[in-house]
Amino acid sequence: MIRQLRHIGPLFLSVYAFSVPVLADSAAEVDWRITSKPGQCQGEYVDGSIKTGTTERTGSTPPITASGNSALHVEGHSTTLIGDVSVHQGSQLLRGDFFTMDVQTEHYTVEGNVRLRQKGLLIQGARVEGNFYTGTAAIDSASFLLHDNRLRGTATSLKKDEQDTLTITEGDFTTCEPGSDAWAIRGKEIELIKAQGYGIARHATLRIKGVPVAYSPYFRFPIDDSRQSGFLWPSVGHNSDGGTEVTIPYYFNLSPNLDATYTPRSIWKRGVMHEGELRHLNNYGENLLAGTFLPSDDEYNEHERITSTSASGFDKQDRWLAHF
């Protein structure tokens, strides 16, 4: 049942006109703030989650408080709120236009301009069904933001389980700032397993500026700073010598004091470069062995650079670099 409910009216529903707040297009835009701090490009995400200020007893369930423009509460059955709805439980905040909950099971539905916020997570969508007791939720037409990882994305549908694992159906994600589509990964199903620090995308495509450039049936990647074998975030760049570059590193967590990274780097004017790095840490110091190989450079040999007049007789040459 509802342990604490504020702004509850009589047992009839008073209906009247109310203004509907217009939400930002995505969850990321809600918490994005432009900044000029050193070391940051254009902005940062500000976590607007509730600071409870108290510590709940172990095993206890935080009380639920709620408010709305109008309300109907049927003792032992249900609670319904309409208009500028706000529902709090601990550090979790739900907002929307319409809210109803079964007071016995604590199963709820929120519709219209929905936002679900808790520490480090913001989800926005058209409709959500969830349960306060289990902490689960399912959101339709969702956008989401993980503040600590600067990870944002969208989903046709999104589910959150008791451990805050997010399961995304027909969705995408990126670490680019709002408004940028430099890269994104889109998958038929994507799991973001926050408790273990990694994610899994199935039937995934890497998109550069919205254009699919690579496909993988299974793609594992880290979502925090813990050491996890898997793909690291791709990067995209451009310069006059090589043209557009796409880099997709893969990290190998071999042992507590040994790791490696393999990085294929596609350079539009030159070909595909292969980069490898092996790191070893011991009591005496840190050792690094690295190598790079570019087969048949399309723009270089030891004698000349390719020009429009020498293209027909140009002899492509392998290039390499080793470093210890």
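A donor and an acceptor atom, one from each side chain of T65 and H88, are nowhere located under 3.5 Å apart. Judged purely by distance below 3.5 Å, without hydrogens or angles, the side chains of T100 and T80 pair a donor atom with an acceptor atom. Using a 3.5 Å distance cut-off with no hydrogens or angles, the side chains of D259 and N253 do not pair a donor with an acceptor. D164 and Q118 are linked by a side-chain donor-acceptor pair at a separation below 3.5 angstrom, with hydrogens and angles left out of the test. No hydrogens or angles considered: nothing links the side chains of Y133 and H107 as a donor-acceptor pair under 3.5 Å. With hydrogens and angles left out, the side-chain atoms of N131 and Y108 include no donor and acceptor closer than 3.5 Å. Looking at S78 and D102, their side chains never bring a donor and an acceptor atom within 3.5 Å of each other.
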- request: Take K194 and Q163 through the side chain to side chain contact (heavy atoms under 4.5 Å, CB included) test and state the conclusion after the steps.
  value: CA-CA 8 Å; K194 295 178 62 180; Q163 287 75 43; over 6 Å; no
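In this structure a side-chain-to-backbone donor-acceptor pair under 3.5 Å is present from T156 to E170. Side-chain atoms of R186 do not come within 3.5 Å of backbone N or O of A204 as any donor-acceptor pair. N257 contributes a side-chain N or O that, together with a main-chain N or O of L281, makes up a donor-acceptor pair within less than 3.5 Å. Not a single donor-acceptor pair under 3.5 Å links the side chain of D172 to the backbone N or O of G153. A distance-only check finds no donor-acceptor pair linking the side chain of R117 to the backbone of Q92 [under 3.5 Å]. Side-chain N or O atoms of K160 include one that pairs as donor or acceptor with a backbone N or O of G135 at under 3.5 Å. Not one N or O on the side chain of E44 forms a donor-acceptor pair closer than 3.5 Å with the backbone of R33.
For the atom pair CG of L158 and CG of D140, the computed distance is 10.0 Å after rounding to the nearest 0.5 Å.
Ring pair F99/F132 is tilted by interplanar angle, where 30° to 60° counts as tilted.
The side-chain tip of R202 does not point at the ring of F219 from less than 6.0 angstrom away and within 45° of straight on.
Among E29, R95, R115, the single residue meeting the side-chain hydrogen bond (donor to acceptor under 3.5 Å, both in side chains) criterion with Q124 is R115.
K159 NZ: 12 or fewer foreign heavy atoms inside a 6.0 Å radius.
Remark: aromatic rings of Y262 and Y250 are distant, center separation not under 6.0 Å. Note: F221 and Y251 fail the aromatic proximity criterion, with ring centroids not under 6.0 Å apart.
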